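Nothing here was measured: the structure is a model prediction, and the numbers come from that model.
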Amino acid sequence: MSFKALQKSDWVNLLIAIPAGIIAALVTIGFRLAISGINGLMFTDGSDITRAFNEYPRLVWPIITTVGGIIAGFILYWALRYESRNGKMPDYLDVIDKRLPGIPVVSTLLRSLSSLASIASGGSIGREGAMVQLSALSGSLLGRFTRFTSLHQSDVVAMAAAGGLAAVYHAPFAGALFVAEIAFGVTAVQRLIPLFISASVAVLTVRSLTHYAPLYLYSSAIFSPTPGAIFTVLAIGAATGIMGPMFIAAIDRVRKTLQPISHPALRLGVGGLAVGLVAMISPLVLGNGFEVIDLILNNGNLHTSLLVLLVLKIVATAITVGSGAVGGLFTPSLLIGAASGALVCTCLQWLGFDPGPMGLYAAIGMSALLAATSHAPLMSIMMAFEMTLNSSLLFPLMLATAISYVVASRFKASGTYPVLTRHNARFMAKSDFENGTVELLICPCSKMYIDSTLAEVVSEGLKQRTRYVYIVDRDERFLGVVATNVLASGIIDGCLDKQGGIETYIEHEFTVLYQGSSYEQAWAVFSTSPLERLPVLENAQSRRLLGVITKASLLSKAKDFL
């Protein structure tokens, strides 16, 4: 196969997915090392941020989080100033969805440094946001310097983003599904295969370069589908479906409250101070929540009640994200979900139910809450499954996550990713197009009665600037059309009597649509017709002329999903 032929084949996507996955894995490893390095300078043992803060008096904690917020804010301020001169930095999901040419380097690096400052100082925010954005940047650079001209940069960005998320959570299937569900809005096999390759290669790279273990290995406990267990799963699905929109609403509320503080350094400083004060109640709210999830799954001693932890983590994360910190919501969502699932299980145990080990329901809550906030149920199921490697959890994960997603959708919350709003709008527009009828697109039209003269018909056609004039009887039944250009030429040449009747000049065979015709039927008719408008009749029996539908109005109806 020649190089030129290779460019035009699907093999290009498959081949480029391998280096995209490797580079994405290296980026995530590098970001983790940067966090560890900074925490190593700040603490004697910075491997667990929730314990590391105990090295300092509690009164010092707000100082650490405030200074970290101020540093993050100044870096974000520089990023915003750069973007004001060079254009706003698109999120990698927008790059994939809108097929943009690539991701800017300087803005991404500055925002990642801001995220690094927030994370290292204990901000309640996920690490995956910056990691995946940097991975996407690596994919953008890879696509920019590749020789394959047929390869779109946004495709490489998608592969690298999938690889980055897979490397963060050691979940290749979930990483691929994340990009497919969120960015593409589809799960077409042709687009999924390169994502699977990139995600799998990224995880293999991480395994070969670091000490590998499932993030939350929980394979010992077995889910038994007893009535009490099923009821608990249903309760978790409903509870997290309500909790997810409330969590997003809390973030929006904090964001609006702090919006008057214009300078990012001051705003993030205030956010850092608030998080530090919350952490004085319980240090478990610090960081993304990775270590706390492990404690909940394995019944560790939290030194804090589940309800208090749940409320404080929502508050701390809402403050961090609402103040403008750069980062993700994945791991905080997983922690809130784990606490929610464990709390539901505990409450039912108090009521006399015996659903089984609490850790099982914490894992189920992780998936369910993540689906409620991300609106990506398939990814949420597979992520919880891949992180725990507990095959008995697959059925309850599917059940609780589906319920949570449906309940959250009823609140019409926007979710974590704005790109989902566009996908949903396109889906609704396409569904409306597939199921709707042309009745709403009918507009009035001119018509002439069968007893009109040739001169009257020609005059009406010239006035309306239409090629055809529609002819009806006195009962408004559509009889056909008259070509005004033919009649006008005959009258001018003297071949036709302008006061003569029109009945012999009517074309009875003419393309029409009916009031109950679907948009798709109208689309099929217009696609084979040179006409810019068509008459719409009530039905085939009455043939009463209602008006016309134009090609432009039909195209306008379809543009929302094309």
Side-chain angles (χ1 to χ4, degrees), residues 216 218 221-250 289 292-300 302 304-315 317 329-330 332-385 387-388 390-413 415-416:
Y216 306 110
Y218 193 73
I222 303 298
F223 178 84
S224 299
T226 62
I230 298 298
F231 180 77
T232 306
V233 170
L234 297 176
I236 290 173
T240 53
I242 298 171
M243 186 71 66
M246 290 176 60
F247 177 40
I248 299 298
V292 186
I293 294 174
D294 192 57
L295 288 174
I296 295 175
L297 287 175
N298 295 285
N299 202 25
L302 295 174
T304 303
S305 72
L306 284 170
L307 180 59
V308 172
L309 172 62
L310 177 63
V311 173
L312 292 182
K313 188 61 180 179
I314 291 176
V315 171
T317 306
L329 281 178
F330 262 65
S333 295
L334 292 174
L335 172 53
I336 294 170
S340 300
L343 185 60
V344 170
C345 178
T346 301
C347 291
L348 292 176
Q349 286 175 344
W350 289 343
L351 295 175
F353 289 90
D354 184 21
M358 186 180 67
L360 286 172
Y361 301 100
I364 294 169
M366 288 164 58
S367 173
L369 197 285
L370 184 59
T373 56
S374 70
H375 290 193
L378 294 178
M379 177 275 298
S380 302
I381 293 168
M382 291 313 303
M383 177 165 287
F385 174 67
M387 288 191 302
T388 59
N390 190 322
S391 58
S392 72
L393 279 174
L394 193 54
F395 163 69
L397 283 175
M398 294 170 64
L399 182 59
T401 302
I403 293 173
S404 178
Y405 174 70
V406 171
V407 172
S409 299
R410 298 294 296 176
F411 287 91
K412 303 186 185 303
T416 309

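In this structure the side chain of L394 reaches within 4.5 angstrom of the side chain of I381, judged on heavy atoms. Side-chain contact between F330 and M379 is present, with heavy atoms from C-beta onward closer than 4.5 Å.
Using modelled atom types, no side-chain atom of S380 and backbone atom of A368 make a donor-acceptor pair closer than 3.5 Å.
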Take V308 and V311 through the test side-chain contact (heavy atoms from CB on, under 4.5 Å) and record every step on the way to the result. CA-CA 5 Å; V308 172; V311 173; over 6 Å; no
Is there a side-chain contact (heavy atoms from CB on, under 4.5 Å) between L370 and L329? Walk through the geometry before answering. CA-CA 9 Å; L370 184 59; L329 281 178; over 6 Å; no
Under 3.5 Å, side-chain donor or acceptor atoms of residues 335-353 against the rest of the protein: list the pairs with distances, not counting sequence neighbours.
{"from": "S340", "atom 1": "OG", "to": "I336", "atom 2": "O", "distance (Å)": "2.7"}
{"from": "T346", "atom 1": "OG1", "to": "A342", "atom 2": "O", "distance (Å)": "2.8"}

Listing, residues 233-249 side-chain donor-acceptor contacts under 3.5 Å, not counting sequence neighbours, or none:
{"from": "T240", "atom 1": "OG1", "to": "I236", "atom 2": "O", "distance (Å)": "2.7"}
{"from": "T240", "atom 1": "OG1", "to": "G237", "atom 2": "O", "distance (Å)": "3.2"}
{"from": "T240", "atom 1": "OG1", "to": "S404", "atom 2": "OG", "distance (Å)": "3.1"}

What side-chain donor-acceptor pairs closer than 3.5 Å can you find for residues 356-365, not counting sequence neighbours?
{"from": "Y361", "atom 1": "OH", "to": "P355", "atom 2": "O", "distance (Å)": "2.5"}

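Atom OG1 of T388 is separated from atom CG of L397 by 6.5 Å, given to the nearest 0.5 angstrom. Here the CD1 atom belonging to I293 is positioned 11.5 Å from the CG atom belonging to N298, to the nearest 0.5 angstrom. Summarising the geometry, atom CE belonging to M398 is positioned 10.0 Å from atom CE belonging to M382; distances are rounded to the nearest 0.5 Å. Put simply, CG on L334 and CE on M366 are 4.5 Å apart, with the number rounded to the nearest 0.5 Å.
In this structure, A371 and Y405 approach most closely via the heavy-atom pair O-CD1, 4.1 Å.
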